[in-house]
2 protein chains.
Amino acid sequence: MNLEQKYEALLAEAQRRQLPDVAGIQLCFQTLSLANAIDRNCAARLAPHGLSEGRFVLLFLLNSTNEGLAPNALAKQAGVTRATVTGLLDGLERESLIERLADASDRRALRIRLTRKGKKVAEKVFDQHGRWISGLFGNLSVSEREQLAALLDKVTGNLDVTTEGKSL
Amino acid sequence: MNLEQKYEALLAEAQRRQLPDVAGIQLCFQTLSLANAIDRNCAARLAPHGLSEGRFVLLFLLNSTNEGLAPNALAKQAGVTRATVTGLLDGLERESLIERLADASDRRALRIRLTRKGKKVAEKVFDQHGRWISGLFGNLSVSEREQLAALLDKVTGNLDVTTEGKSL
DNA sequence: CCCATATAATTAGCCGCCATACTATATGGC
DNA sequence: GCCATATAGTATGGCGGCTAATTATATGGG
């Protein structure tokens, strides 16, 4: 089953208290544990390249345009705040993976562009990463995938919409 | 489908590049998006009580013992480092939910105990939280749950064990 | 008995995320 | 043309996680 430590403890307590639907709780913890494990795994794979998941997303967003993007646009596409983008760009700039260029037509704005090194790293990591992620769910059959997708969707519907909206 | 912004972007790029098994990648992102949504939802529910998920776990661990626990033990059971526990305890102490007591037999050690307020909050939040979590997966039938659990397990097996070990 | 080593908690410093507040610049209405 | 308002990027400070270093105390071997 492989739950994280904290969830084992929470689950045991839920059982002790005879909460309704302990099985559902367990399933929730299983889902969260899997996602956390994937995230940790992902972070460990990116770290050797000087990347975090956040930095990686920016790098790849930049890699898919030729003329560069404004921090503004990066924030929107990455689903984080502009302030967070500033921090991530600081890191990427320190590693010489991106450069901040002044925007010719708007003196408030910047254009972020990959350096040659940045492009190289982006290509390399994107490929490697894609193969890794594919592998994660690669041993599921087509029907298993459909099942899983449908089940996850069904659960997603139960979430509180008010908080979900924040991610947009 | 409801993927997070960043995953939409990554997925589009994966398609553009015709990576193998885009469907698997999509499934991965769906899983991660669901987990993140649950986490955000959880955080939003705990925040009004002055709690984060980390603080909540400690609170509940403390609530299930009468004599209190050492930070040491809390770290092990919560699956985080002692340093992190120190920080979480600082927050809980600021909110007067716990108190740090000297250990009689070992002058290096502490015994962390819930205050009356802490006990009250713990009980209240634990109940509320349990019901919420149950609800999340509550609309799945028994066979759907079994399916989901089996599928998640199957995916978990694909993860890199070396990095997973960190959580223990 | 003393000293090396282990352990308990904390501190300091880094990262990534957030919200909020600030500065500089655009832009639209009058 | 000017001023209110909006927008771009950043600074600040908080949170929670980490590692590594520090300080205090136990403990075991010689």
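Please read all numbers here as calculations on a predicted model, not as lab measurements. Sequence lines set the chain letters: A, B, ... in the order given, protein chains first and strands last, and positions in each chain run from 1.
The nearest whole Å value for the distance from the CD1 atom in B:Ile98 to the P atom in C:dA9 is 12 Å. Going from atom CG of B:Leu110 over to atom P of C:dT11 covers 11 Å, rounded to whole Å. Summarising the geometry, the separation between CG on A:Leu89 and C1' on D:dA11 is reported as 15 Å, rounded to the nearest angstrom. The separation between A:Asp39 atom CG and C:dC17 atom P is 11 Å, rounded to whole Å. Protein atom CG of B:Asn72 is 15 Å distant from nucleotide atom C1' of D:dA24, rounded to whole Å. At whole-Å resolution of the value, CG in B:Leu69 and P in C:dA9 are 11 Å apart. Between B:Leu46 atom CG and C:dC18 atom P the separation is 18 Å, expressed in whole Å. The separation between B:Asp90 atom CG and D:dG17 atom P is 13 Å, rounded to whole Å.
Side-chain contact annotation: A:Asp103 with A:Ser105, donor-acceptor N/O pair under 3.5 Å present.
The pair B:Asp90-B:Arg100 meets the salt-bridge criterion, with a side-chain N (NZ, NE, NH1 or NH2) lying under 4.0 Å from an Asp/Glu carboxylate O. Note on A:Lys154 versus B:Glu144: salt bridge recorded, some NZ/NE/NH1/NH2 to OD/OE distance being below 4.0 Å. A salt bridge links B:Asp21 with A:Arg145: the distance from a Lys NZ or Arg NE/NH1/NH2 to an Asp or Glu carboxylate oxygen falls below 4.0 Å.
Across C:dA9, C:dA26, C:dC18, the shortest atom-to-atom separation from the side chain of A:Asp106 is found for C:dA26. Of the candidates D:dG16, D:dG9, C:dC18, D:dG16 carries the atom nearest the B:Leu88 side chain, counting heavy atoms from C-beta on. When distances are taken from the side chain of B:Arg82 to each of D:dG17, D:dA11, C:dA8, the shortest belongs to C:dA8.
Heavy atoms of A:Arg111 sit nowhere under 4.0 angstrom from any nucleic acid atom. Among the protein residues, A:Thr86 comes within range of the nucleic acid bases, having at least one heavy atom under 4.0 Å from a base atom. The residue A:Asp103 sits apart from the nucleic acid: no heavy atom pair falls under 4.0 Å. When heavy atoms are screened at a 4.0 angstrom cut-off, A:Ser52 is found touching the sugar-phosphate backbone but no base atom. Among the heavy atoms of the strands lying under 4.0 Å from A:Arg94 are primed sugar atoms or P, OP1, OP2 only; no base atom is included.
Between A:Ala70 and A:Lys6, it is A:Ala70 whose nearest contact on DNA chain D lies nearer the 5' terminus. Residues A:Arg55 and B:Pro71 each lie close to DNA chain C; by heavy-atom proximity, the contact nearer the 5' end of the strand is made by B:Pro71. Place B:Arg108 and B:Ala83 on DNA chain D by their nearest nucleotides, and B:Ala83 ends up nearer the 5' end.
Side-chain nitrogen and oxygen atoms of B:Arg107 include none within less than 4.0 Å of the OP1 or OP2 phosphate oxygen of C:dA9. Between C:dG16 and A:Thr84, no contact under 4.0 Å exists linking OP1 or OP2 to a side-chain N or O.
Around atom NZ of B:Lys76, no more than 12 heavy atoms belonging to other residues, nucleotides or ligands sit under 6.0 Å away. Residue B:Arg116 qualifies as open at atom CZ: its count of foreign heavy atoms under 6.0 Å is 12 or below.
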